[in-house]
There are 2 protein chains.
Amino acid sequence: MQSNLRTKLIQLFAEADGEFLSGQKISEELGCSRTAVWKHIEELRKAGYELEAVRKIGYKMKKKPDKISENEIRFGLKTEKMGQVIYFKDSVSSTQKIAHELANNGSPEGTIIVADQQTEGRGRMARVWHSPAGNGIWMSLILRPAIPVQKTPQLTLLAAVAIVQAIEEQTGISPEIKWPNDILVNGKKTVGILTELQAEADQVHSVITGIGINVNQVASDFPDDLKETATSLRIVSGKKIDRAALIQTILLTFEKRYQDYTRHGFQPIKLLWESYALTLNRRLTARTLNGTFHGKSLGIDDEGVLLLETSEGIKRIYSADIDISS
Amino acid sequence: MQSNLRTKLIQLFAEADGEFLSGQKISEELGCSRTAVWKHIEELRKAGYELEAVRKIGYKMKKKPDKISENEIRFGLKTEKMGQVIYFKDSVSSTQKIAHELANNGSPEGTIIVADQQTEGRGRMARVWHSPAGNGIWMSLILRPAIPVQKTPQLTLLAAVAIVQAIEEQTGISPEIKWPNDILVNGKKTVGILTELQAEADQVHSVITGIGINVNQVASDFPDDLKETATSLRIVSGKKIDRAALIQTILLTFEKRYQDYTRHGFQPIKLLWESYALTLNRRLTARTLNGTFHGKSLGIDDEGVLLLETSEGIKRIYSADIDISS
């Protein structure tokens, strides 16, 4: 089948939203015979789509294959801006790296770069982020917010809120946020967020929000050094998750929270963040570049800085690795 | 003359620091005859150096040519780190652009890019910065500070303090700082500072400090639209300034203030900045992206944010164009 016909056919099913499409309608839309339609349907089945055929009624798409592609992300996407420009690759070094290049070349706000696999996936502080093929969401999102650099850490917190809400909506799982950039399920790391920026002192040029989600890994998929600390949505929920649909939900919740942020500032995001935060009113150890501090977390301030009540007063923590003591 | 012999000869005179060098010593250091030394000296004269020759005593460098080059900046530079890696070009699009590429490719802290002319010089908010050949200092400095992004605007203020001190030391002129990034002499713009960064939310990868200084322009050198608002160090002092020497002084004062900052934090920089600030305890109009505000400036906070006392309370100004009313 020509790839534009396949694209058109998938789009028709996406627009039908789980309802039946008659063979007649498909043949008209694709401009081909009923017999050709039947052949195209068979090819989609071979590509992993589950399609139901009922005589005199037509065809219904029951399930998309467990793969992501530009089409899978695009069709059914309900956003105005987020994800409206899509770069999809089977394998890349790092989606962040590509996103920086695209941002430098003027790609608009909302552009996403999604890969099935990253060979050099990175987390915070240039740490390795294990990004194997077939099971994860490895995505970078280009933003162009009209904010000063001091406020960019707020966007890590906004992204965390949006992702928690999307996971809740899609899977029923209720994750928790660990300051600054991790999302945990049952205490284990499931999502990492990496916020990078290019800016002047008083004007941000672009923010690149990197999102890594362990979606469909089973326990044996994790390397030994991650087995104790990481989990996936599939391990927790006991079922495979549709990655393309989760990307769509994330883009939509992100867009909603980003609109809140643009219109009403950080306050509504902060309240939501605190409602999902694991690190509120808990005794913590914060390991920073300038030393290790123990104390009780009082929350975050308007710039996303963690406020830690220590024996020597309130300490402002800009960057740290956090251990929760109680 | 071979360029390495010329470099060696200039270095010898720089090390002699204005004292006489005997022809014998020069011939030994260069490994050439006394006659050859005399020829090399003649070539330096043709290149614009003023050299005094006294029989039986030797040669003394009285004045370097009014040009900047890698050698002019390097010899006599007393820093440990700032300017120890130098990229000099006669003409570039923008030193900031080159500095970003060098920073991405791992250039160390202290690397400078200096050009005699910029064809696409930029100021804050992508505004044009007029950067003609022969008269200005157009320079970018790569820094790799261990600070969170919220604190990067402090480095604009640090750079302003260092440049004011260097200009005072070199020329006797006492400039004033206008928040956030301009240095004025007699109320006219003389220096602009552009701080750009590449960062994660909680870790700066590199800060590129762009410095543009109007040094030796005469009034007629400025385009009509700048005549009222801009001036040069030469116009104010009535004499030509040695640009390479000024660059050396800036690098040294910058290094000292940067060491203060690394060891003792922003407080010592803040106190110095306030002592040079034009915008303290004055009635201002601040034009921001979110509206125009009138009030009295109370100073800056620990993140370099301008605090403006308005009729509706204290407003935190992250980015603005400032007009001083009184």
Side-chain angles (χ1 to χ4, degrees), chain A residues 96-97 100-101 103-104 122-127 145-160 179-181 192-210 262-263 265 286 288-290 301-306 316-322, chain B residues 96-97 100-101 103-104 122-127 145-160 179-181 192-210 262-263 265 286 288-290 301-306 316-322:
Chain A
Q96 288 295 96
K97 201 171 158 186
H100 276 287
E101 288 164 11
N104 279 337
R122 294 179 285 122
R124 222 174 107 230
M125 309 271 182
R127 290 166 189 166
I147 58 175
V149 289
Q150 292 96 331
K151 294 188 175 178
T152 44
Q154 294 175 345
L155 292 173
T156 303
L157 308 180
L158 186 155
W179 184 92
N181 74 331
I193 300 164
L194 176 63
T195 304
E196 296 184 305
L197 63 147
Q198 303 186 8
E200 286 174 40
D202 58 358
Q203 189 192 35
V204 169
H205 298 158
S206 61
V207 170
I208 316 287
T209 301
T262 306
R263 289 172 193 161
T288 80
L289 288 175
N290 305 314
D301 75 3
D302 282 352
E303 287 173 355
V305 174
L306 183 69
R316 290 165 59 82
I317 307 283
Y318 286 89
S319 172
D321 290 310
I322 298 293
Chain B
Q96 288 294 95
K97 202 171 156 186
H100 276 288
E101 287 164 13
N104 280 335
R122 296 180 282 123
R124 221 174 108 231
M125 309 269 183
R127 291 166 188 165
I147 58 174
V149 290
Q150 292 97 331
K151 294 190 174 177
T152 44
Q154 295 175 345
L155 292 173
T156 304
L157 309 180
L158 186 155
W179 184 92
N181 74 330
I193 300 164
L194 176 63
T195 304
E196 295 184 305
L197 63 148
Q198 303 188 6
E200 288 175 41
D202 57 358
Q203 189 193 34
V204 169
H205 298 158
S206 61
V207 170
I208 316 288
T209 301
T262 305
R263 290 173 193 161
T288 79
L289 289 174
N290 305 315
D301 75 2
D302 281 351
E303 287 173 355
V305 174
L306 183 68
R316 289 165 59 82
I317 307 285
Y318 286 89
S319 173
D321 289 311
I322 299 292

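Numbered from 1 within each chain, the chains take letters A, B, ... in sequence-line order.
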- What distance separates B/Ile208 CD1 from A/Gln198 CD, expressed to the nearest 0.5 Å?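 Reported to 0.5 Å precision, the distance equals 11.0 Å.
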- Query: chain A heavy atoms under 4.5 Å from B/Arg122: which part of the residue, side chain, backbone, both or neither?
  - Reply: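 It is neither, since no heavy atom gets under 4.5 Å.
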- Message: Using the side-chain hydrogen bond (donor to acceptor under 3.5 Å, both in side chains) criterion, which residues pair with B/Thr195? Sequence neighbours excluded.
- Response: B/Thr156
- Could you pull out all residues at least two apart from A/Asn104 that satisfy side-chain hydrogen bond (donor to acceptor under 3.5 Å, both in side chains)?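 Partners of A/Asn104 under the side-chain hydrogen bond (donor to acceptor under 3.5 Å, both in side chains) test: none.
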- Which atoms of A/His205 approach chain B - backbone, side chain, both or neither, heavy atom under 4.5 Å: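 A/His205 touches chain B through side-chain heavy atoms alone.
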- Query: Non-hydrogen atoms of chain B under 4.5 Å away: do they reach the side chain of A/Pro180, the backbone, both or neither?
  - Reply: side chain
- Options B/Asn181, B/Asn290, B/Val305, B/Leu197, ranked by heavy-atom pairs under 4.5 Å with chain A, top entry: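 Answer, by heavy-atom pair count under 4.5 Å with chain A: B/Leu197.
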- Item | Over all atoms of both residues, closest heavy-atom pair of B/Gln150 and A/Glu303 | NE2-O, 3.3 Å
